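Below is one structure; the comments refer to it alone.
None of the values given here were measured: they were computed from a predicted structure.
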Amino acid sequence: MKVSVTTIPLDELDIDLLLVPVAEGAVEATLKALSEQFGEIVRRTAADFTGAPDELVWLYPESGRARRLALVGMGPADRVDLERLRRVAARGAELARERKVVTAAIVRPQTSIDPESASQALVEGFMLAAYRFTRYKTDTSDLREIERLVIHETGEDEKASRRGAERGRIIAECVMTARDLVNLSPDEKTPTKFARLIEQSAKKYGYEADVWDKALIEEEGMGGLLAVNRGSPEPPTFTVLTWHPENALNERPVVLVGKGVVFDTGGLSLKPTKDSMDYMKSDMAGAAAVVGAMEALARLKVPLYVVGLIPATDNRPGENAYVPGEVIRMHSGKTVEVLNTDAEGRLILADALSYARTYRPILVIDLATLTGAQIIALGTEAAAVMTNNVEGAEERLQAIVAAGERSGDRVHPLPMYDEYAKLLESDVADLKNIGGREAGSITAAKFLEHFVDYPWIHIDMAGPAFLKEPKPYRPKGGTGFGVRLLVEFLRDFASPRRFSS
């Protein structure tokens, strides 16, 4: 989709659909201005319009070049935030799709939000709502794509609005990358094929990708990844992604780790099919988020040294599958008693987190569709976020929560009390891979904590990563959750002030 910003008069916009977001209290002034440009029919048709949230009025102008106008209510002006702008723009994309329009424009509303951020939010909301995954559709004749989106700016803020719109376009496209990867059929994203897709992304967008085969993984001693892979006919991969621009502010990297279980049957602890295994092509959504984020960092030229680590395998009950009761020696040297083979994600993440030590990272963030308990606790509206209690813990949590609120990929903290670690004590090994029914998301994080000795953030995104029903600008299926969160957090993290000392 082409995205642009214009300041030409509204009635000169040659467009199929013009979306006009209106806050309560601004209705009269808006209708007066539109009537002057599009005819008195605007006032008559919208006489009862109040600007209430999601209120909609269709207008067909008497003059001007726009074929249709849609007034969409935003609610009270003092409650309009970035997320409200995204959702209003998403409503516009839905209207455009329903009318099968090709070109659309959005008038940037005058709010307290700066024009750069507002334009970014509008573009993100519209493009993400317009997304459709059609790879496996044999007949797409009735699916008309929206080809162009225009943000209408008043004039004095055109440059800032243009910057925001361009950033919103790039970030939305990178979210779509993650969505496409999640939505791919499992046979098209075996560990090896998934790694090849990452290599293609790296080549296209200018970051590096180094793919390890099984021999290198064995040489490195990644016992968790190798154990989970044993029931599979496909070998595992471990992909190292690197974005290291010449103007990077940091010498030691930020490391992103994404869970890459490309399909999860549960192994010998087999999942039921309905509402469980049938959605497990999404169990690599954490890895997809890392790929999307690396694309965005490179395309936006963020001055930060960042490494991505993606352990990839499927989890199947093949003839050599690992079994409950087995003891695994991990990359770190610690031993783990396996009591449930469906708690596999933490095993491959633990090896990657252990390997991350070799970079002496200033921060590590892992993302994973890790536990069903996260969905019970927070549903699909927010991911769970946890951190280890080392220097800067409160600051890290505040920063990632704030980035979630700004980006729309919301996260909510869960506690990491030492008492939860007792649930992982094993009689025969250093620890066991499950902690029982209580606090499942937290005990999974406490398991991972055994393998880190650096500042670390853990994001359990099982709920928001894959939806069974669509939500505003989040489609049914893969949502690309985590890409916007990481980009927003890392752009803020790359502030020169942080590294000035």
Side-chain angles (χ1 to χ4, degrees), residues 81-84 86-87 128 175 178-179 182 256-259 261 264 271 275-276 279-280 282-290 292-293 342-343 345-346 349 365-389 393-394 396-417 419-420 423 434-449 456-489:
D81 57 10
L82 293 172
E83 187 64 8
R84 171 54 57 182
R86 290 187 195 97
R87 294 190 178 211
L128 293 177
V175 173
R179 289 179 176 180
V182 171
L256 309 177
V257 178
K259 175 185 171 184
V261 176
D264 183 17
K271 293 176 181 288
D275 294 327
S276 181
Y279 297 113
M280 285 300 104
S282 69
D283 214 18
M284 39 61 70
V290 170
D342 195 23
R346 65 200 68 185
L349 284 174
I365 305 173
D366 80 72
L367 301 93
T369 49
L370 203 60
T371 67
Q374 184 275 319
I375 305 174
I376 300 300
L378 297 173
T380 60
E381 294 298 333
V385 63
M386 289 152 272
T387 190
N388 50 341
N389 189 23
E394 189 60 33
R396 287 194 298 280
L397 279 180
Q398 290 177 356
I400 197 76
V401 169
E405 291 298 322
R406 294 193 303 270
S407 69
D409 280 350
R410 294 181 291 189
V411 296
H412 189 75
L414 295 180
M416 287 281 281
Y417 304 137
E419 286 78 3
Y420 289 116
L423 298 173
I434 56 171
R437 288 183 59 83
E438 295 181 15
S441 295
I442 299 171
T443 55
K446 294 300 287 186
F447 177 90
L448 296 176
E449 189 180 28
W456 162 70
I457 296 173
H458 166 61
I459 298 169
D460 188 341
M461 48 189 265
F466 193 90
L467 298 183
K468 299 175 184 177
E469 296 296 333
K471 296 193 173 187
Y473 74 80
R474 292 178 171 89
K476 185 176 181 180
T479 65
F481 183 92
V483 176
R484 291 180 301 146
L485 173 68
L486 288 174
V487 173
E488 184 67 25
F489 178 85

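Phe447 pairs by the ring-ring contact (aromatic ring centres under 6.0 Å, His included) definition with Phe451, not counting sequence neighbours. Qualifying side chain to side chain donor-acceptor pair (under 3.5 Å) partners for Ser282, counting only residues two or more places apart in sequence or in other chains: none. Checked against side-chain contact (heavy atoms from CB on, under 4.5 Å), Pro472 has the following partners two or more places apart in sequence or in another chain: Arg87.
In the displayed structure, Lys476 atom NZ is contacted under 6.0 Å by at most 12 heavy atoms of other residues, nucleotides or ligands. Within 6.0 Å of CG on Asn389 lie no more than 12 heavy atoms contributed by other residues, nucleotides or ligands.
Arg179 approaches Gly478 most closely through the heavy-atom pair CG-O, 3.4 Å. Pairing each heavy atom of Val401 with each of Pro413, the nearest pair is CG2-CG, 3.9 Å. The two residues Ala399 and Phe489 make their nearest non-hydrogen contact at CB-CE1, 3.7 Å. Closest approach of Arg346 and Ile434 over heavy atoms only: NH1-CA, 4.0 Å. Residues Leu349 and Gly258 approach most closely at CD2-C, 4.2 Å, considering heavy atoms.
Each of Leu485, Val487, Ile400 was checked for a side-chain contact (heavy atoms from CB on, under 4.5 Å) with Asp409, and the lone residue meeting it is Leu485.
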task: Give the intermediate values and the outcome of side-chain contact (heavy atoms from CB on, under 4.5 Å) for residues His458 and Leu370.
output: CA-CA 10 Å; His458 166 61; Leu370 203 60; 3.6 Å; yes

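With salt bridges taken as basic N to acidic carboxylate O contacts below 4.0 Å, one links Asp283 and Lys259.
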